[in-house]
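What follows is a set of notes on a single structure, which appears directly below.
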Protein chains: 2
Amino acid sequence: MYEQLKLENQLCFRFYTISRLITQAYRPLLSRLGVTYPQYLVLLVLWEKDGQPVNDIAKHLCLETNTVTPLLKRMEQEGLVTRHQGERDSRQVIVCLTEKGLKLEESARDIPAEMGANYACSAITRDNVGDLFQTLDSLTETLKPEKQ
Amino acid sequence: MYEQLKLENQLCFRFYTISRLITQAYRPLLSRLGVTYPQYLVLLVLWEKDGQPVNDIAKHLCLETNTVTPLLKRMEQEGLVTRHQGERDSRQVIVCLTEKGLKLEESARDIPAEMGANYACSAITRDNVGDLFQTLDSLTETLKPEKQ
DNA sequence: TCTATTTATATCGTTCACGATACAAATGTA
DNA sequence: TACATTTGTATCGTGAACGATATAAATAGA
């Protein structure tokens, strides 16, 4: 048994697990909005700037369009967004929030604070969360595939 | 637009993204073994201790058996593991490595080091990776659902 | 012993992720 | 203008994740 192959020595497994546990922690909060976690991320993107093409949304979330397209279709069926052809470039599909999608922002306002309570543990505090953000962001940049 | 709902202020999104990017970075390395990332995690568990029931494997990975069962079936089809009924408790399914599964450990030996090169960025070094482990582990513990 | 409860695993349905591929619109080039 | 290439999105297939539910074996309690 190689030491470096032990689960406890894997950085990857920690991120894998935390990511899933966070999504699980979000589930009860997001059920109030009637959305999944990836759908919530799309809403965050659109609340920040409404009326974006599929590709821009995908880029913000570091996802491919073949993941985002069906996601957006489900959100369209739920009446959260509309999708219409771009005017300047008719290949584009512009995604806009519906009245319902817009209004959900109000309901989502307290979710970050409620999730913050879940993060409340010895190692992550208001003081050092900035450092953690920095570490994670540099890791993200390093891992991002080359965008030529 | 509420400040706390911006994507850049989300801890969750950082973990979500990093987890996916890490899995993507593993893909070319794991293709040499012919396994997916979750399957690789199962191998890590079994290389550490062969012949575990499904439930133990699931617990190590913080997964449910309804995720692990089909995963193991696919690995069985690939000839990496065998699944046989437990002797003490016939409800249990004991998972063992095959000769092929055992031998893969040798091929996997250098994967952690190769992945380490991907992590090589300003913010994560040999000096501070221990601190990061500690932070991530405390977060994991906090997020783990109560196991009564 | 008989029945109720718990435990270990499996099945089903839905939603993601993502590689591979398709296709039409836009752009570049001869 | 004609044709090749690029770009934006969609489709298809596979493998996770996971909630809900099912089922049989084991255990507990009356």
Side-chain angles (χ1 to χ4, degrees), chain A residues 13 15-28 30-31 34-42 52-59 61-78 80-81 83-95 145 147-148, chain B residues 13 15-28 30-31 34-42 52-59 61-78 80-81 83-95 145 147-148:
Chain A
F13 176 60
F15 280 108
Y16 167 79
T17 302
I18 289 175
S19 176
R20 285 189 308 101
L21 290 178
I22 289 180
T23 303
Q24 286 170 29
Y26 264 100
R27 214 177 303 277
L30 295 180
S31 74
V35 298
T36 64
Y37 181 68
Q39 290 172 9
Y40 173 66
L41 292 180
V42 170
Q52 298 191 55
V54 173
N55 205 21
D56 287 16
I57 295 174
K59 281 214 172 76
L61 301 178
C62 303
L63 288 168
E64 302 297 320
T65 59
N66 58 2
T67 298
V68 174
T69 293
L71 191 57
L72 290 171
K73 282 190 174 176
R74 285 185 288 269
M75 293 180 75
E76 186 183 34
Q77 285 195 330
E78 292 294 322
L80 298 171
V81 300
R83 306 183 316 132
H84 55 80
Q85 210 175 26
E87 292 176 7
R88 211 182 41 237
D89 186 334
S90 65
R91 290 171 305 180
Q92 287 188 331
V93 170
I94 309 295
V95 181
K147 49 253 152 175
Q148 53 278 16
Chain B
F13 176 60
F15 280 107
Y16 167 78
T17 302
I18 290 176
S19 175
R20 285 188 308 101
L21 290 178
I22 290 180
T23 302
Q24 287 170 28
Y26 264 101
R27 213 177 305 275
L30 295 181
S31 74
V35 298
T36 64
Y37 180 69
Q39 290 172 11
Y40 172 66
L41 293 179
V42 170
Q52 297 192 55
V54 173
N55 205 21
D56 288 15
I57 296 174
K59 282 215 171 73
L61 301 179
C62 303
L63 288 168
E64 301 297 320
T65 60
N66 58 3
T67 297
V68 174
T69 292
L71 191 56
L72 291 170
K73 282 190 173 175
R74 284 186 287 269
M75 293 180 75
E76 186 183 34
Q77 285 193 331
E78 293 294 322
L80 297 171
V81 300
R83 306 181 317 129
H84 56 81
Q85 210 174 27
E87 292 177 7
R88 211 182 42 236
D89 185 335
S90 64
R91 290 170 305 178
Q92 288 188 330
V93 170
I94 309 294
V95 182
K147 50 243 152 188
Q148 54 276 16

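Note on naming: letters A, B, ... go to the chains in the order of the sequence lines (proteins, then strands), and numbering restarts at 1 for each one. In what follows, every heavy atom counts, from backbone to side chain, and hydrogens, waters and symmetry copies are set aside.
- Ring geometry for B/Tyr37 versus A/Tyr16: interplanar angle over 60°, hence perpendicular rather than tilted (30 to 60°).
- Between A/Asn55 atom CG and D/dA10 atom P the separation is 11 Å, expressed in whole Å.
- Atom CG of A/Leu63 and atom P of D/dT9 are 14 Å apart (whole Å).
- Within residues 20-28 of chain A, no residue is approached by DNA chain C to less than 4.0 Å at the level of any non-hydrogen atom.
- Between the CD1 atom in B/Ile57 and the NZ atom in B/Lys59 there is a gap of 12.0 Å [rounded to 0.5 Å].
- Of the candidates D/dT9, C/dC16, C/dA10, the closest approach to any side-chain atom of B/Arg83 belongs to C/dA10.
- Contact between A/Leu71 and A/Gln39 at its shortest, heavy atoms only, is CD1-CG, 3.7 Å.
- Distances from the side chain of A/Arg91 to the nucleotides D/dT6, D/dA17, C/dC16 place D/dT6 closest.
- The distance from the CD atom of B/Gln92 to the CZ atom of B/Arg83 is 13.5 Å, given to the nearest 0.5 Å.
- Relative to the side chain of A/Ser90, the nucleotides D/dA17, C/dT9, C/dA25 differ in distance, and C/dA25 lies closest.
- As rounded to whole Å, 14 Å separates atom P of C/dT9 from atom CG of B/Leu61.
- An end-to-end axis angle of 10° holds for the helix from C/dT1-D/dA30 to C/dA30-D/dT1, taken from five base pairs per end and rounded to 10°.
- Rounded to whole angstrom, the span from the NZ atom of B/Lys73 across to the C1' atom of C/dC12 amounts to 12 Å.
- Of the candidate nucleotides D/dA26, C/dA17, D/dC18, D/dC18 has the atom nearest to the side chain of B/Asn66.
- For B/Arg74, counting side-chain heavy atoms from C-beta on, the closest listed nucleotide (D/dA10, C/dA10, D/dG15) is D/dG15.
- The nearest heavy atom of DNA chain C to A/Thr36 and to B/Thr65 marks one nucleotide each, and the one closer to the 5' end goes with B/Thr65.
- Put simply, OG1 on A/Thr65 and CG on A/Asp56 are 12.0 Å apart, with the number rounded to the nearest 0.5 Å.
- Between the CZ atom of A/Arg88 and the C1' atom of C/dT27 there is a distance of 14 Å, given to the nearest Å.
- Note: CD (A/Glu64) to P (D/dG8) measures 13 Å, nearest angstrom.
- Between the OH atom of A/Tyr16 and the C1' atom of D/dA17 there is a distance of 8 Å, given to the nearest Å.
- In the set D/dA17, D/dA10, C/dA8, the nucleotide with an atom closest to the side chain of A/Val93 is D/dA10.
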